Amino acid sequence: SVVRHAHCPVLVVRGEKDGEPPFSAKRILLATDGSGEAALATQAAMDLANKTNSEIHVVHVTMPLLYEPSSGYEGDYVADYYMVEEYKEIERSGKELLDEQAKKIKAAGGSVAQTHLRTGKPDQEIVGLAEEIGTGLILMGSRGLGGIRRVLMGSVSDLVVRHAHCPVLVVRKEGS
């Protein structure tokens, strides 16, 4: 509830694991969707990385296309030419967004260790990648969806906060 209603960035820190400090930002995972809120998160990631000598990894998650069954047999799917072309376009757009973010970070004096394009449910992909690369902090924006939209669409930041193994910093526009 605090993450959802706060009018400032919120850092959620997990409990200590086997003698590890509760917070280490040596590897930051910046989750982006290209929104204005994600731009705020990018700035926060650069500021934090510069102050803590951390590396930044940037992830963008695309949603998978749904395929129609070609027959009555379960698991038998056909991806027609148009769906393949649509997927290629989604993938191309995702790569462009990641390249854009990396260029912005570099232009502002930062650096990106690696970009990651994933396909699936955004919260699951972000949390999974954070575990794979040993992230010390996940940093992301919050769109601040209203109650009904949040119920219908869900909140990626809420789900990441709940399931992440490491601290999560949710950045939002001050006063929103």
Side-chain angles (χ1 to χ4, degrees), residues 3 6 8-65 87-144 154-174 176:
V3 172
C8 62
V10 176
L11 176 64
V12 179
V13 180
R14 299 278 175 237
E16 195 174 324
K17 284 195 268 182
D18 299 330
E20 290 180 19
F23 179 75
S24 169
K26 292 301 174 192
R27 182 168 293 142
I28 296 170
L29 179 60
L30 171 62
T32 186
D33 61 3
S35 66
E37 292 79 5
L40 293 171
T42 299
Q43 184 60 52
M46 289 187 312
D47 292 346
L48 188 57
N50 289 337
K51 290 176 183 169
T52 60
N53 198 29
S54 303
E55 65 180 37
I56 299 175
H57 288 249
V58 184
V59 63
H60 174 68
V61 182
T62 63
M63 297 297 282
L65 294 174
Y87 178 76
K88 285 180 183 177
E89 176 61 26
I90 291 169
E91 188 176 53
R92 186 190 60 72
S93 295
K95 287 178 181 175
E96 282 180 6
L97 188 145
L98 285 171
D99 290 344
E100 231 177 79
Q101 289 297 312
K103 286 178 187 172
K104 285 179 184 176
I105 291 169
K106 187 174 182 178
S111 67
V112 174
Q114 191 172 351
T115 61
H116 307 267
L117 180 61
R118 295 290 183 106
T119 301
K121 291 184 176 180
D123 58 301
Q124 292 175 0
E125 293 297 324
I126 293 165
V127 170
L129 178 60
E131 290 177 9
E132 284 174 34
I133 66 173
T135 299
L137 175 69
I138 298 171
L139 211 149
M140 61 193 310
S142 172
R143 288 200 175 182
S155 168
V156 174
S157 57
D158 284 352
L159 292 168
V160 169
V161 164
R162 286 188 190 138
H163 299 288
H165 71 288
C166 64
V168 178
L169 177 58
V170 180
V171 180
R172 65 172 8 119
K173 186 176 176 183
E174 297 277 336
S176 65

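Predicted model only: the values in this text are computed from it and were never measured. Values reported hereafter were calculated over all heavy atoms of this structure, with side chains retained and with hydrogens, waters and symmetry mates removed.
Residue L159 holds its CG atom at 9.5 Å from NZ of K121, rounded to the nearest 0.5 Å. How far CD of Q43 is from CD1 of I105: 9.5 Å, rounded to the nearest 0.5 Å. Rounding to the nearest 0.5 Å places CG of N50 at 7.0 Å from CD1 of I56. Interatomic distance, R118 CZ to T62 OG1, rounded to the nearest 0.5 Å: 11.0 Å. Distance CD1/I126 to CE/M140: 4.0 Å, rounded to 0.5 Å.
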Problem set entry | Stepwise side-chain contact (heavy atoms from CB on, under 4.5 Å) check, L11 with L137 | CA-CA 9 Å; L11 176 64; L137 175 69; 3.8 Å; yes
For this session: Would you please test V12 and V170 for side-chain contact (heavy atoms from CB on, under 4.5 Å) and show each step?
Result: CA-CA 8 Å; V12 179; V170 180; 5.8 Å; no
Problem set entry | Test log, rule side-chain contact (heavy atoms from CB on, under 4.5 Å), inputs V61 and L129 | CA-CA 11 Å; V61 182; L129 178 60; over 6 Å; no
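Side chains of Q101 and T115: no donor on one and acceptor on the other come within 3.5 Å.
For the pairing with V59, the side chain to side chain contact (heavy atoms under 4.5 Å, CB included) check across L29, L30, L98 returns one residue only, L29. Exactly one residue among E55, E131, E132 makes a salt bridge (Lys or Arg N to Asp or Glu O under 4.0 Å) with R27. That residue is E55.
Under the 3.5 Å distance criterion, the side-chain polar atoms of T135 are left unmatched by any main-chain donor or acceptor of I138. Under the 3.5 Å distance criterion, the side-chain polar atoms of H60 are matched with a main-chain donor or acceptor of T32.
Classification of R92 and E89 as a salt-bridged pair holds, one side-chain N sitting under 4.0 Å from a carboxylate O.
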